[in-house]
Number of protein chains: 2
Amino acid sequence: MTVENDTATCRNRFVDLRQRADLTEDTRRALSAMAHVRRYHSGQTVLFDGDDSDLVGNVISGVLRMQKTLADGRQHIVGLLVEGDMFGRVFNGALHFSVEAATDAEICAYPRAPFEKLLTRSPDLERVVMLNILNELDRARDWLIILSSQKITTRIAGFLVVMCSQFARVDHLVRNSESGPVVHVPIGRGDLAHLLGTRPESVSRAFHALARDGVIALLKPDLIRILDMEALVAEAGDEDLGGTPNLKETLQLRPPRS
Amino acid sequence: MTVENDTATCRNRFVDLRQRADLTEDTRRALSAMAHVRRYHSGQTVLFDGDDSDLVGNVISGVLRMQKTLADGRQHIVGLLVEGDMFGRVFNGALHFSVEAATDAEICAYPRAPFEKLLTRSPDLERVVMLNILNELDRARDWLIILSSQKITTRIAGFLVVMCSQFARVDHLVRNSESGPVVHVPIGRGDLAHLLGTRPESVSRAFHALARDGVIALLKPDLIRILDMEALVAEAGDEDLGGTPNLKETLQLRPPRS
DNA sequence: GCGGCGCATTGTGCGACGTCAATGCGCGGC
DNA sequence: GCCGCGCATTGACGTCGCACAATGCGCCGC
């Protein structure tokens with residue numbers, strides 16, 4: 001059983017709401033009946049800020065970014081959505097941020113009204129959605145910790161740790177060589193700077209500072225090999241690694257305890 | 001109809017889960033049957049980090065702080081809980097932070113298992129809980145925006161704006177005089193510094209810088225009058241004020257459209 | 001192959017925050 | 001009323017990140 005197979009299994013289980021094993025056959029059928037797949041190119045907007053959107057959905061492939069538009073026109077990224085993540089408003093009004101494709105992306109969309117209706121009468125779906133939102137909340141709080149530091153190197157290190165732990169289930173963690181795991185950063189320096197609340201120049205400097213210290217190696221601007229995970233975590237402020245008690249497993253790319 | 005009466009009405013509607021008008025009589029009765037009120041003194045721990053807690057609840061009075069303990073012993077506050085806020089894990093495992101009383105506080109606690117059971121068969125409660133979590137998520141994202149700036153004055157300004165908008169429903173917004181609203185900061189400089197990811201000295205400096213510019217007035221360390229809301233919002237980075245489209249109403253302490 | 005555009009990187013000066021240390025202030029105990 | 005502790009505040013100094021620019025690099029269209 002290779003790493004690739006595990007990853008694939010993982011993806012099958014989580015990526016598509018309609019195929020999740022923890023939903024009943026009835027619920028899956030009802031979801032399938034109302035689902036439709038949409039494709040977006042990098043840069044396209046999926047949902048508009050303030051939009052009283054009639055759409056909920058989950059990401060099938062690619063990366064979406066959630067961003068707030070400030071009054072002065074600047075935009076701040078408040079989170080990334082990767083394969084399997086849900087987005088859109090359930091139950092209450094307008095979005096407080098817009099959702100755009102950070103890469104070419106595929107989503108599975110559900111019209112809101114029937115989705116809510118199904119949600120109300122399907123405890124299994126309710127549970128899945130609630131867990132998804134709670135997970136999202138945990139991720140947001142992890143970001144809070146990362147952003148609470150104002151040393152950029154710390155933020156970058158925290159970002160990389162989160163990429164390793166949270167996104168390991170999809171293929172942003174490309175492969176595990178003898179030198180250490182290789183992380184794929186799915187967004188450019190500019191977006192990353194927005195995400196971390198800084199400037200592209202500082203992001204670049206922080207990456208190269210970590211590289212000089214032998215903590216990481218920059219294979220390409222968007223491909224980073226982690227050489228010294230321990231040092232990276234220390235640089236990230238010795239976080240308790242929040243929602244990932246099984247980080248060590250993840251980093252070794254062991255299959256999660258099933 | 002005075003401001004105080006509106007506020008009181010508001011509090012009756014939201015503070016206690018058992019009394020919420022958007023729950024059915026049956027659900028309220030079931031909640032009451034399993035509820036028990038607990039009191040905590042400032043500094044006491046309500047829930048421990050990593051605790052596989054069997055408790056969910058909501059705050060009746062006072063302020064709780066959610067904080068992560070880092071590996072090196074430092075603690076970082078990831079959010080505050082005020083009257084009406086819910087806390088605790090629904091459906092899945094351990095907490096990723098501890099919950100402590102920031103002031104003397106009263107909570108209404110429910111044992112987790114029966115609460116979840118009730119949740120599964122009560123769409124009205126499900127909706128209330130889900131909205132609560134979504135609200136929490138929005139608040140976390142507002143914090144993300146605030147923390148994404150590393151200018152401390154901006155963070156402080158953002159904090160004050162959030163205090164005005166999000167906590168206006170409880171009495172942290174003390175009163176509205178001719179000179180402007182007065183905000184009660186329910187935590188000390190040290191905690192505030194933890195919350196904003198900085199040091200008490202910098203918090204102090206930022207407050208006094210805003211005071212020098214005539215934006216706020218420091219009545220007491222924990223009592224702040226907003227003299228120039230427009231300047232404060234501008235200083236906060238011209239945020240779109242996230243989840244508070246009715247901020248202007250709130251700041252004028254008008255009753256919300258019912 | 002060539003040119004152009006966008007993105008990443010590198011260099012420099014200035015301003016802001018952290019650190020360390022000292023002082024002021026308020027409140028509760030005695 | 002007095003004392004002492006904890007918290008808030010203020011000051012001096014070093015470091016780090018931002019602003020502003022310039023340069024290098026890769027990719028795409030022509």
Side-chain angles (χ1 to χ4, degrees), chain A residues 41-43 65 72 74-77 102-104 146-159 183-213 216-224 235-237, chain B residues 41-43 65 70 72 74-77 102-104 146-160 183-213 216-224 235-237:
Chain A
H41 289 296
S42 173
R65 57 172 184 253
D72 59 7
R74 281 175 305 127
Q75 303 213 310
H76 256 302
I77 297 178
T103 66
D104 289 351
I146 291 174
L147 288 182
S148 68
S149 154
Q150 53 271 80
K151 191 143 167 252
I152 301 300
T153 312
T154 303
R155 296 190 183 195
I156 291 283
F159 168 76
V183 175
H184 176 226
V185 179
I187 53 177
R189 291 290 186 272
D191 274 348
L192 190 49
H194 278 306
L195 186 61
L196 298 174
T198 182
R199 300 285 148 196
E201 301 95 314
S202 300
V203 171
S204 187
R205 277 186 249 270
F207 270 127
H208 287 269
L210 288 173
R212 265 198 308 280
D213 294 345
I216 63 172
L218 290 153
L219 310 183
K220 295 205 298 181
D222 62 341
L223 226 50
I224 291 157
E235 186 64 53
Chain B
H41 289 297
S42 175
R65 57 172 185 251
L70 306 186
D72 59 7
R74 282 175 305 126
Q75 303 214 310
H76 256 301
I77 297 178
T103 67
D104 288 353
I146 290 173
L147 289 181
S148 68
S149 155
Q150 52 272 79
K151 190 142 167 255
I152 302 299
T153 311
T154 303
R155 295 190 183 193
I156 292 283
F159 168 76
L160 289 175
V183 176
H184 175 227
V185 179
I187 53 177
R189 291 289 187 271
D191 275 349
L192 191 50
H194 278 307
L195 186 61
L196 298 175
T198 181
R199 299 286 149 197
E201 300 95 319
S202 299
V203 171
S204 187
R205 278 186 250 269
F207 270 128
H208 287 269
L210 288 173
R212 267 198 307 280
D213 293 346
I216 63 173
L218 290 153
L219 309 184
K220 295 206 298 181
D222 64 339
L223 227 48
I224 291 156
E235 187 64 54

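Note on naming: letters A, B, ... go to the chains in the order of the sequence lines (proteins, then strands), and numbering restarts at 1 for each one.
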Original post:
Just by protein heavy atoms under 4.0 Å, how would nucleotides 9-14 of chain C read 5' to 3' in B, S and -?
Top reply: SBBB--
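- Rounded to an integer number of Å, the gap from NE2 of A:H194 to P of C:dC7 is 11 Å.
- Shown here are the salt bridge (charged side-chain N to carboxylate O under 4.0 Å, His left out) partners of A:R65, two or more places apart in sequence or in another chain: A:E100, A:D191.
- Computed from coordinates, the A:R199 CZ to C:dC7 P distance equals 15 Å when rounded to whole Å.
- Atom CD1 of B:I187 and atom C1' of D:dC7 are 14 Å apart (whole Å).
- Listed by first then second residue, pairs satisfying salt bridge (Lys or Arg N to Asp or Glu O under 4.0 Å) with a partner in residues 146-160 of chain B read B:K151-B:E235, not counting sequence neighbours.
- For A:D104, the side chain to side chain contact (heavy atoms under 4.5 Å, CB included) partners are A:H41, A:S42, not counting sequence neighbours.
- With rounding to whole Å, B:K151 atom NZ is found 21 Å from D:dC16 atom P.
- A:D191 places its CG atom 9 Å from the P atom of C:dC7, with the value rounded to the nearest Å.
- Residues in residues 193-213 of chain B take part in no salt bridge (Lys or Arg N to Asp or Glu O under 4.0 Å) pair, two or more places apart or across chains.
- Each of A:G188 and B:T198 was matched to the nucleotide of DNA chain C holding its nearest heavy atom; the match closer to the 5' end belongs to A:G188.
- Atoms CD1 and CZ, on A:I156 and A:F207 in that order, are 4.5 Å from each other to the nearest 0.5 Å.
- In this entry the distance linking CD1 of A:I156 with C1' of D:dG17 reads 13 Å, nearest Å.
- Between the P atom of C:dC17 and the CG atom of B:L147 lies a distance of 14 Å, rounded to the nearest Å.
- Between the P atom of D:dT9 and the CG atom of B:L192 lies a distance of 11 Å, rounded to the nearest Å.
- Looking at residues two or more places apart in sequence or on another chain, you find a side chain to side chain contact (heavy atoms under 4.5 Å, CB included) between B:S148 and A:H76, A:L147.
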